[in-house]
Novice: 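Shown below is the structure under consideration.
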Protein chains: 2
Amino acid sequence: MKMSKQFPLNALRVFESAARYRSFTKAGDELGLTQTAVSYQIKLLEENVGEPLFLRRPRQVSLTEAGERLAPRVTEAFEMLRDALGNLREASEGTLLIHSTATFASRWLARHIGSFQLENPTIAVRLETSETLIDFSKTEADVAIRTGKGEWPGLKAHFLMKSHFTPMLSPELAASIGGINTPADLLKLRIIDPGDPWWPMWFSAAGMPDVDLGGRPSSRMGAQAIEAAAAIAGHGVAILKPEFYADDVALGRLIQPFDILSDEGSHYWLVYPESRRNSPKIRAFREFIRKTLPTFGD
Amino acid sequence: MKMSKQFPLNALRVFESAARYRSFTKAGDELGLTQTAVSYQIKLLEENVGEPLFLRRPRQVSLTEAGERLAPRVTEAFEMLRDALGNLREASEGTLLIHSTATFASRWLARHIGSFQLENPTIAVRLETSETLIDFSKTEADVAIRTGKGEWPGLKAHFLMKSHFTPMLSPELAASIGGINTPADLLKLRIIDPGDPWWPMWFSAAGMPDVDLGGRPSSRMGAQAIEAAAAIAGHGVAILKPEFYADDVALGRLIQPFDILSDEGSHYWLVYPESRRNSPKIRAFREFIRKTLPTFGD
DNA sequence: CTGCATGCATAAAGAGGATTCATGCATGAA
DNA sequence: TTCATGCATGAATCCTCTTTATGCATGCAG
């Protein structure tokens, strides 16, 4: 049994239009169909209902009593569907659900998202933080911020920034040993998380491949903010993403003694399903980041 | 631009079902489709809306926020359509619109329709009389009573009765000339409508082909009842369809002096559009007449 | 009254979408 | 682990819907 037979939806749509115009030809124009197609659909519906809906008068059709009874309800039902879809589109364009890592959210998004909202007052932003790589087909989200290589099948990825890192510390702490002049000076100070895998990478980049901090391997998942707070408090040297702490540097709470940056080949990306690249809210967010972040890539 | 694209009705129907079951497979069962078809339609709708409606979880799907918002309205709209169609069928099966000639209506239907209504209390009868041969595509009617040869393209016709005629008069009038013994006796009395074309036909059948009533040609359209009333009042002899006046004969108000019947080859038929022969109300009416009228034919 | 325009019906042909079939994949349960 | 469940995907097919080309009846204009 064919779906269209148990409930002739297309025929009903055509009927609705024809009933409004009292004309098959005009209904055809409205729906982008020929008069023939309309005639066919009406006949289908009449057969389904078991009763004529239109009287074929010389130069116009008119509704039978049955048609007269049916028409307004069909119209109402279609209007309901139409604006259910309309509202859906509207509402769905009204909320942008962002999944981000905690670090990026607190250190970058939190600071800039305000201007996005000013520019797009009709879009409400909802922010979820998670370290796991979300799957758009299993999790509700419009866009996500991820670290990685920038290649995920089915997803569009825009480069945001390199995820590089460098040691940072409070100016007071640096002054306590007469300033930091060479990477080796850092070893005179307390290292906040000696187990952080970024340390050996950075020292390597700084020409000291053999530095062994003797730390036990420890995951830093999302703990960057804690390291940073400790560094600001003068408790030692932390290894941080400088972009995230530019304002602390500006305020004199942190200094970045070396320009030497290191990275692990994994960077920040803005991603979303390829298929939704034209969604207005996604487009708006993309443009906002493009303007705000100089390193933004296509 | 395809009709189905501007407003994905079929996809909406599938969505409605899938949303109710939270399962593509079950929705497919309900709609008589495969899970594949459901999956396809949902994807279509999601593309149309520009946003996922379902979250594909391991062993079940669930609605996204957007889907959650859409589902109830779609359900409501479809219910509205469903019962609009339902009521229509109900209501349309609840009224039988009969087009009949005035004569048949008043002389036969009026007397028997009561028992049809007793047997079919849910069907309201509406009776229109007209002498013109209605066109079912231009006039609202379920069935019609017509005289003719019984062959109309596209229409099913059941023979009802011969449209024969014979002279009738009041018993008093007959007695006034000592009774009617031969057709020629009729000529001693006043002929109510001497211009009626039935007269020469009947006299011809009675073996008197040359009788000339000298009447001017006059149409009797629907006037049989008037002739009959005049005959009952004793004003003269009328030429009538005896079946229609059987009760007046029974009551002693009229007599039919001869068994000789004549006809013009045109008889009474019950007709309706071939395509509607299975409509319950039409079927009911047909069966009613079959039972009531011994001469009823297939 | 004749000829033209309008509006719907019908038949045949064609396009294109909807559906199915055969798989694959991921997950939860035994 | 292995099996069962539920959805996704790709290819092939089916068939609905649409169009094209007519015809018919009617109303209107000249």
Side-chain angles (χ1 to χ4, degrees), chain A residues 1-15 17-19 21-48 52-64 67 133 135-139 153-154 273 275, chain B residues 1-15 17-19 21-48 52-64 67 135-139 153-154 273-275:
Chain A
M1 150 174 30
K2 273 292 153 33
M3 177 167 83
S4 33
K5 289 296 100 185
Q6 27 184 113
F7 205 66
L9 280 175
N10 289 332
L12 280 170
R13 156 167 49 202
V14 172
F15 167 77
S17 178
Y21 286 112
R22 308 282 149 117
S23 158
F24 291 6
T25 306
K26 298 236 183 66
D29 291 344
E30 175 175 88
L31 300 170
L33 299 176
T34 58
Q35 167 266 320
T36 307
V38 175
S39 176
Y40 172 82
Q41 293 288 352
I42 298 292
K43 182 193 277 191
L44 266 194
L45 182 58
E46 290 180 328
E47 271 163 20
N48 180 289
L53 265 10
F54 282 99
L55 293 176
R56 276 69 170 179
R57 302 317 228 63
R59 290 172 60 99
Q60 64 175 25
V61 290
S62 59
L63 289 165
T64 62
L133 304 194
D135 178 336
F136 283 95
S137 74
K138 297 182 182 172
T139 308
S275 59
Chain B
M1 151 174 30
K2 272 291 151 33
M3 178 168 80
S4 33
K5 289 296 101 185
Q6 27 182 114
F7 205 63
L9 280 175
N10 289 330
L12 280 170
R13 156 167 50 203
V14 172
F15 167 76
S17 178
Y21 287 112
R22 307 281 148 118
S23 158
F24 291 6
T25 307
K26 298 237 182 66
D29 291 344
E30 173 174 270
L31 299 170
L33 298 176
T34 58
Q35 167 267 320
T36 307
V38 175
S39 175
Y40 172 80
Q41 293 289 349
I42 298 292
K43 181 193 276 190
L44 267 193
L45 182 58
E46 291 180 328
E47 271 163 20
N48 179 290
L53 266 9
F54 282 99
L55 292 177
R56 276 69 170 179
R57 302 316 225 66
R59 303 196 21 127
Q60 65 174 25
V61 291
S62 60
L63 289 166
T64 61
D135 177 337
F136 283 95
S137 73
K138 296 183 182 170
T139 308
E274 183 77 43
S275 59

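The sequence lines fix the lettering, A, B, ..., with proteins before strands; numbering per chain opens at 1. Note: hydrogens, waters and symmetry copies are ignored here, and every other heavy atom, side chains too, is used. For clarity, every value in this text was computed on a predicted model and none was experimentally measured.
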Novice: What integer distance in Å separates A:Leu44:CG from D:dC17:C1'?
Specialist: 9 Å

Novice: If you look only at pairs with a residue in residues 36-46 of chain A, which of them pass as a salt bridge (charged side-chain N to carboxylate O under 4.0 Å, His left out), with sequence neighbours excluded?
Specialist: A:Glu46-A:Arg56

Novice: Look at the side-chain N and O atoms of A:Lys138 and state whether any lies under 4.0 Å from the OP1 or OP2 oxygen of C:dT27.
Specialist: yes

Novice: Taking all atoms of both residues into account, what is the closest heavy-atom pair of B:Phe24 and B:Val61, and its distance?
Specialist: CE1-CG2, 3.8 Å

Novice: For every nucleotide of nucleotides 6-11 of chain C, 5' to 3': is a protein heavy atom under 4.0 Å from its base (B), only from its sugar-phosphate (S), or from neither (-)?
Specialist: BSBBBB

Novice: Just the rounded figure in Å: distance from P of C:dT20 to CD of B:Gln41.
Specialist: 11 Å

Novice: Tell me the interatomic distance from B:Leu45, atom CG, to C:dA18, atom C1', rounded to whole angstroms.
Specialist: 15 Å

Novice: Tell me: CG of A:Leu33 to P of D:dT20, nearest whole Å?
Specialist: 12 Å

Novice: State which residues pass salt bridge (charged side-chain N to carboxylate O under 4.0 Å, His left out) with B:Arg22; sequence neighbours excluded, sorted by chain then number.
Specialist: B:Glu68

Novice: Using atom CD1 of A:Ile42 as one end and atom C1' of D:dT16 as the other, report the distance to the nearest whole Å.
Specialist: 17 Å

Novice: Tell me, please, which residues at least two apart from B:Glu47 pass salt bridge (charged side-chain N to carboxylate O under 4.0 Å, His left out).
Specialist: none

Novice: Please collect all salt bridge (charged side-chain N to carboxylate O under 4.0 Å, His left out) contacts where either partner lies in residues 29-41 of chain B, sequence neighbours excluded, each pair once.
Specialist: B:Arg20-B:Glu30

Novice: Can you tell me the distance, in whole Å, between the CG atom of B:Asn10 and the P atom of C:dA18?
Specialist: 7 Å

Novice: Please report the distance, rounded to the nearest Å, between CG in B:Asn48 and C1' in C:dG17.
Specialist: 15 Å

Novice: Measure from CG on B:Leu55 to P on C:dA26 and round the result to the nearest Å.
Specialist: 18 Å

Novice: Return a table of donor-acceptor pairs under 3.5 angstrom between the side chains of residues 32-39 of chain B and protein atoms on other chains or two or more places apart.
Specialist:
unit_1  : atom_1 : unit_2  : atom_2 : d
B:Thr34 : OG1    : B:Ala37 : N      : 3.3

